[in-house]
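Structure first, then comments.
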Amino acid sequence: MSQFDKYFLMKPADVIAYARDQLDFFPKDANLECAEIGDGNINFIFRVWDGKSGKSVVIKQAGPTARISEDFVLSTDRNRIESEILILEHELAPGLVPLIYKYDETMSCCAMEDLSDYVIMRRALMEQQTFPLFADHITTFMVNTLLLTTDVVLEHKKKKNMVKQYINPELCEISEDLVYTEPFNDYKGRNDVFPPNLEWVKQNVYGDAALRLEAAKLKFEFLTNAQSLIHGDLHTGSIFIKPDSTKIIDPEFAFYGPIGYDTGNIVANLIFAWANGDATIADPAKRAAFCGWVEETIVQVVDMFNEKFMAAWQTHVTEIFAKEPGFDRWYLSTVLRDTAGVTGLELFRRILGLAHVKDITSIADEAARLRAERICLSAAAHYIKHRDEYQTGADFLKTLQQYTAQFPRS
Ligand code: SR1
Ligand code: MG
């Protein structure tokens, strides 16, 4: 009998005992210490280290509700999904995810590689650090994990089994509500709008019937388009980074959904980094350098994704009808359309909805924050309403630049 034969929510002392008893990782004479390191919305994350050997591990446990609010009752099966997906992503995109050492169904926890020598990308970007290899790394990750899990590549019965294996109703419901519905109508009263922006939002967002219609169409895409095994929450808080390496974490929202959900999240969260730099860097030369790098990265992400997607298509396609001349370009154009739609949705939901991003909330100057929010929200509406018009990185950047010019700096 072990105390870990029955599920309970662990505290740091329990995690030390767990690491000692349940992991074949630390030496017998290890001097273990533990700290809770996570500040995410959903789970409990601990780092355990041995001062003697220098070895360390991360243990992530799923609770019965989200850490951010007990309103969200969630199956702890999400920890299985996360562990299995990280193992699969390691096969598809080696070196771009942390290693999983163990998944424990009883305790709904997993042990994984400690990435303490990396930083969370959102925080690094808010300190104006730049990462010249990021576009290359993230596009390899997205093309490999997304295209290679579609019906274009996988035998269709195998793909359908994977749809079953990664069905994720509760986490999907969070996105259906928080991303696809509430930002446009606040029907659950959970939106969190920056008070000086409330009247503008009522008029320009809640009051825009054409926008709500397009968001409704996108919601039904998300509900029904089992295109690919997506990460499902691919924002800059789900990325550990250092200059020469990028690691994607936290795929607990993974399920079979539209490819554009992942690609659009990356573009939108780069736009948040840009908005933070644009609003907070006082020195014009430093601002131009950082924001210029983010702009270039947005363009590179879209263009490198396009190039790598077409190249991988040539190598990996198995479905006979996907080999019809022109089908590849048509398929990619639908992904880019969805990317633009989701870019807009993520911009809306992180400014108006329940779960904000620090890039925006940390802008201390009220006028600067208002301007940053309005640039993002106006561009967001354009990405959604004109989503058919986006094919290249330059197309995405043009919209951001167009709305930046509409809101002059005061
Ligand atoms: C209730 S969870 C709120 C948000 O945090 C996660 O990281 C997802 O982005 C989710 O939408
Ligand atoms: Mg997360």
Side-chain angles (χ1 to χ4, degrees), residues 36-46 58-83 85-86 89 97-98 100 108-110 112 115 118-123 141 168-184 186 188-192 215 218-219 222-223 230-241 246-255 257-258 260-272 342-361:
E36 191 186 346
I37 56 168
D39 61 355
N41 294 331
I42 314 266
N43 298 298
F44 299 92
I45 305 175
F46 303 89
V58 163
I59 295 182
K60 179 165 181 177
Q61 188 178 34
T65 57
R67 191 168 173 270
I68 190 179
S69 156
E70 295 197 345
D71 275 2
F72 297 95
V73 177
L74 304 173
S75 162
T76 49
D77 185 49
R78 66 188 186 275
N79 197 270
R80 173 196 59 87
I81 292 183
E82 172 160 3
S83 308
I85 296 283
L86 283 171
E89 287 175 345
V97 293
I100 287 286
S108 298
C109 73
C110 58
M112 69 179 97
L115 299 172
Y118 291 67
V119 285
I120 286 288
M121 187 174 183
R122 189 182 305 286
R123 287 186 209 147
F141 175 81
N168 199 352
E170 287 149 4
L171 284 276
C172 282
E173 186 181 41
I174 292 180
S175 304
E176 288 152 22
D177 288 342
L178 295 188
V179 180
Y180 284 88
T181 313
E182 294 174 37
F184 303 95
D186 198 20
K188 285 195 177 168
R190 295 196 292 206
N191 280 359
D192 179 11
L218 285 162
K219 180 175 181 178
F222 184 80
L223 286 164
I230 66 172
H231 177 286
D233 199 23
L234 193 51
H235 55 83
T236 48
S238 296
I239 297 172
F240 269 116
I241 198 157
T246 304
K247 302 268 188 191
I248 290 84
I249 59 166
D250 273 7
E252 68 211 318
F253 281 77
F255 79 111
Y261 194 74
D262 280 358
T263 47
N265 260 280
I266 289 293
V267 175
N269 281 276
L270 286 170
I271 292 176
F272 286 133
V342 173
T343 299
L345 291 164
E346 174 75 357
L347 289 169
F348 274 119
R349 73 94 162 212
R350 296 290 189 186
I351 292 176
L352 306 180
L354 176 87
H356 284 203
V357 286
K358 289 222 169 71
D359 318 46
I360 298 296
T361 55

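Positions are given from 1 along the sequence. Start at 1 and go down the list; that is how both ligands and their atoms are numbered.
- No part of E252 comes within 4.0 Å of ligand 1, judged by heavy-atom distances.
- Protein N/O/S atoms closer than 2.8 Å to the Mg ion (ligand 2): D250 OD2.
- Under 4.0 angstrom from ligand 1, there are no non-hydrogen atoms of R67.
- Between F222 and F255, the gap from one ring centroid to the other is short of 6.0 Å.
- Atom numbering of ligand 1 starts at 1 in the shown order; those under 4.0 Å from a heavy atom of R350 are 9 (O).
- Contacts between L354 and ligand 1, counted as non-hydrogen atom pairs separated by less than 4.0 Å, are absent for every part of the residue.
- There is no side-chain donor-acceptor pair under 3.5 Å between N168 and R78.
- The protein heavy-atom contact nearest to atom 11 (O) of ligand 1 is R349 NH1, 2.8 Å.
- Shortest contact from atom 6 (C) of ligand 1 to any protein heavy atom: D233 OD2, 3.4 Å.
- Between D233 and R350, at least one side-chain nitrogen of the basic residue sits less than 4.0 Å from a carboxylate oxygen of the acidic one, meeting the salt-bridge criterion.
- Using 4.0 Å as the threshold, H356 has no heavy atom nearer than that to any atom of ligand 1.
- By the 6.0 Å contact criterion, NZ on K188 is enclosed, its count of non-hydrogen atoms from other residues, nucleotides or ligands being greater than 12.
- Remark: minimum distance from atom 4 (C) of ligand 1 to any protein heavy atom is reached at N41 ND2, 3.4 Å.
- At a heavy-atom distance under 4.0 Å, no atom of V179 approaches ligand 1.
- Counting heavy atoms closer than 4.0 Å to ligand 1, residue I68 contributes side-chain atoms (C-beta onward) but none from N, CA, C or O.
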Which donor-acceptor pairs under 3.5 Å do side chains of residues 62-71 form with protein atoms, sequence neighbours excluded?
{"residue": "R67", "atom": "NH1", "partner": "G40", "partner atom": "O", "Å": "2.9"}
{"residue": "R67", "atom": "NH2", "partner": "G38", "partner atom": "O", "Å": "3.1"}
{"residue": "S69", "atom": "OG", "partner": "D71", "partner atom": "N", "Å": "3.0"}

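- Closest to atom 2 (S) of ligand 1, if we only count protein heavy atoms, is I42 CD1, 3.5 Å.
- In this structure, the protein non-hydrogen atom closest to atom 10 (C) of ligand 1 is F253 CZ, 3.8 Å.
- For the atom pair H356 NE2 and N41 CG, the distance stands at 11.0 Å (nearest 0.5 Å).
- Near A355, meaning under 4.0 Å from any of its heavy atoms, are these atoms of ligand 1: 3 (C), 4 (C).
- The side-chain heavy atoms of F46 and I37, taken from C-beta on, include no pair separated by under 4.5 Å.
- Using a 4.5 Å cut-off on side-chain heavy atoms (C-beta onward), I120 and I239 make no contact.
- Using a 4.0 Å cut-off between charged nitrogen and carboxylate oxygen, R122 and D39 do not count as a salt-bridge pair.
- At a cut-off of 3.5 Å, with distance as the only test, no side-chain donor of E252 or N79 sits close to an acceptor on the other residue.
- Electrostatic pairing of K219 and E176 does not count as a salt bridge here, judged by no charged N lying under 4.0 Å from a carboxylate O.
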Steps toward side chain to side chain contact (heavy atoms under 4.5 Å, CB included) verdict (I45, V58): CA-CA 7 Å; I45 305 175; V58 163; 3.7 Å; yes
